[in-house]
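The first residue in the sequence is number 1, and the count goes up from there. In this text, all values refer to a predicted model and were calculated from it rather than measured experimentally.
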Amino acid sequence: MGDLAKQGSAALLPEGFYQQVSSILNAARNRAYAAVNFAMVEAYWEIGKSIVEQQGGEERAEYGEALLEGLSARLTEDFGKGFDIRNLRFMRQFYLAFPIRNALRTELSWTHYRRLSRIPDAEAREWYMNECAESHWSTRQLERQINTMFRERLLASRDKETVAAEISKTAPPKRPEDIIRDPYVLEFLGFSDDAAFRESDLEQALITHLQRFLLELGRGFAFEARQKRITFDGRHFYIDLVFYNYLMRCFVLIDLKMGDLTHQDLGQMQMYVNYYTRELMNEGDNPPIGIVLCADKSDSIVEYTLPEGNDQVFAAKYLPYLPSKEELAAELSAEYRALDEAAEED
């Protein structure tokens, strides 16, 4: 009878009410987990600070190692695993990398901070910390963004002075250029540097790895459509990928091209953008942005095909495999030179 009574009570329980109560408990558990997690981060920061202060007055390197060995042995005996010499060095490095405790972001874990502490440049380290917290990156995502020089590519794809002034801010982007990168690194698709593939292969791979592609696109992107059909005068046209960016409040249209960029590619994208502007924009939307994602592009073709003052149609390169840091640096240097030459002409 007891089991039957319980089943009857469960049947009378409104599902919406149960989900409401369940969400309250889950939110409380998540807050408790986050609080405990950051309490450990703060403890490791304090340990790192204590180690630095204790070692500060000693000139002999042997003392530093002996100190860590003794501390590791005692802490392991009293508190268990997690306090080997390597971890204690990480705690010391953590404090030196982030000497201002109040500047730490509570959303990030100890694993996040271990990776962030290895970034040598202080400005880049702070930027990655804030962007990681704002974008809710996992530690694997953070590792990828650092390895593919995410910040440097972002700097190269926009006006350097504007980025430098806003680099530590989390305000929404103000211009279409602020959400477009060049190049896009698509190593997660699994194509090798000598692989032959078609546009349909590239499109399918991007859809298969959509979550990782959204990460590469940046903040605020949501997937809308694939092979979006638009029709006029009895003719059908298909846009490869359509996204919506909630920070810019606009549609972002992407066409994939395997070879070098042509003026016809830009003209076709201009047509798509014009159609979306006149027919598909919603109230409150900003004008749509079109990106032709190609294997290679000519800045001259872009300059002479698109009208002066264009702020809706752009071309960007994609790299189907993860290049070396030297190759990425060369790409970025070329972008910087192009920006400098454009500034000199103005």
Side-chain angles (χ1 to χ4, degrees), residues 148 153 156-158 176-177 179-210 212-218 221 223-232 235-245 250-277 280 287-307 310-323 327-328 330-332 334-335 338:
T148 58
R153 288 187 287 131
S157 67
R158 299 193 291 173
E177 295 94 320
I179 66 170
I180 297 172
R181 302 174 191 164
D182 191 13
Y184 289 89
V185 180
L186 309 179
E187 93 291 348
F188 51 84
L189 300 181
F191 296 131
S192 62
D193 57 347
D194 59 351
F197 51 90
R198 299 168 299 176
E199 287 176 10
S200 58
D201 298 328
L202 179 59
E203 179 187 324
Q204 180 58 54
L206 290 174
I207 293 298
T208 301
H209 300 277
L210 185 58
R212 300 182 73 174
F213 184 43
L214 287 170
L215 175 67
E216 176 63 11
L217 286 174
F221 279 88
F223 178 67
E224 287 282 329
R226 172 189 184 184
Q227 290 296 310
K228 173 70 174 180
R229 188 178 77 176
I230 59 177
T231 303
F232 46 85
R235 299 181 62 187
H236 302 308
F237 301 89
Y238 297 87
I239 307 171
D240 289 337
L241 299 169
V242 179
F243 296 85
Y244 191 88
N245 187 279
C250 70
F251 287 103
V252 180
L253 319 177
I254 296 180
D255 245 9
L256 306 172
K257 300 298 176 183
M258 298 305 302
D260 295 346
L261 180 73
T262 68
H263 67 278
Q264 292 95 333
D265 298 330
L266 294 171
Q268 180 173 270
M269 179 54 73
Q270 185 69 69
M271 178 182 70
Y272 294 159
V273 164
N274 291 342
Y275 183 86
Y276 255 79
T277 300
L280 297 178
I289 298 168
I291 304 173
V292 180
L293 201 54
C294 52
D296 204 356
K297 67 185 180 74
S298 164
D299 291 332
S300 296
I301 288 179
V302 175
E303 178 183 357
Y304 291 112
T305 301
L306 299 174
N310 160 69
D311 60 358
Q312 286 185 268
V313 176
F314 301 87
K317 289 177 62 175
Y318 66 83
L319 302 178
Y321 65 97
L322 183 60
E327 290 173 317
L328 269 175
E331 289 278 353
L332 297 176
E335 293 296 331

[Y] and [X], any side-chain heavy atoms less than 4.5 Å apart:
| X | Y | answer |
| --- | --- | --- |
| Lys228 | Tyr272 | no |
| Val302 | Val313 | no |
| Asp265 | Asp255 | no |
| Leu206 | Leu256 | yes |

### Task
Could you please spell out the steps behind the side chain to side chain contact (heavy atoms under 4.5 Å, CB included) verdict for Asp240 and Gln227?
CA-CA 5 Å; Asp240 289 337; Gln227 290 296 310; 3.0 Å; yes
### Task
May I ask you to check whether Asn274 and Thr277 show a side-chain donor-acceptor distance below 3.5 Å?
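There is no such pair (donor and acceptor under 3.5 Å, judged by atom type) between the side chains of Asn274 and Thr277.
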### Task
Compare every heavy atom of Pro307 with every heavy atom of Gln270, then report the nearest pair and how far apart it is.
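Closest approach of Gln270 to Pro307: OE1-CD, 4.4 Å.
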### Task
State, to 0.1 Å, how close Pro287 and Cys250 come at their nearest heavy-atom pair, and which atoms those are.
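In this case the closest contact between Pro287 and Cys250 is O-CB, 3.5 Å.
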### Query
When Phe251 is tested against each of Tyr244, Phe223, Phe243 for ring pair (Phe, Tyr, Trp, His ring centres under 6.0 Å), which residue passes?
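It is Tyr244; the other options fail the test.
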Rounded distance [0.5 Å steps], [atom1] in [X] versus [atom2] in [Y]:
| X | Y | atom1 | atom2 | value |
| --- | --- | --- | --- | --- |
| Leu253 | Leu280 | CG | CG | 9.0 Å |
| Arg229 | Tyr238 | CZ | OH | 5.0 Å |
| Leu306 | Leu266 | CG | CG | 5.0 Å |
| Arg235 | Ile230 | CZ | CD1 | 11.0 Å |
| Glu203 | Leu293 | CD | CG | 12.0 Å |

### Query
Taking it one step at a time, do Ile291 and Ile254 satisfy side chain to side chain contact (heavy atoms under 4.5 Å, CB included)?
CA-CA 5 Å; Ile291 304 173; Ile254 296 180; 4.3 Å; yes
### Message
Run the side chain to side chain contact (heavy atoms under 4.5 Å, CB included) test on Gln268 and Lys257 for me, step by step, so that the C-alpha distance in whole Å, both residues' side-chain angles and the decisive distance to 0.1 Å come before the verdict.
### Response
CA-CA 12 Å; Gln268 180 173 270; Lys257 300 298 176 183; 3.6 Å; yes
### Query
Do you know which of Phe314, Phe221, Tyr276 makes side-chain contact (heavy atoms from CB on, under 4.5 Å) with Val252?
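That would be Phe221.
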### Task
Look at the side chain of Gln312 and the backbone N and O of Pro288, then say whether any donor-acceptor pair between them is shorter than 3.5 Å.
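Judged by distance alone, yes, a pair lies under 3.5 Å.
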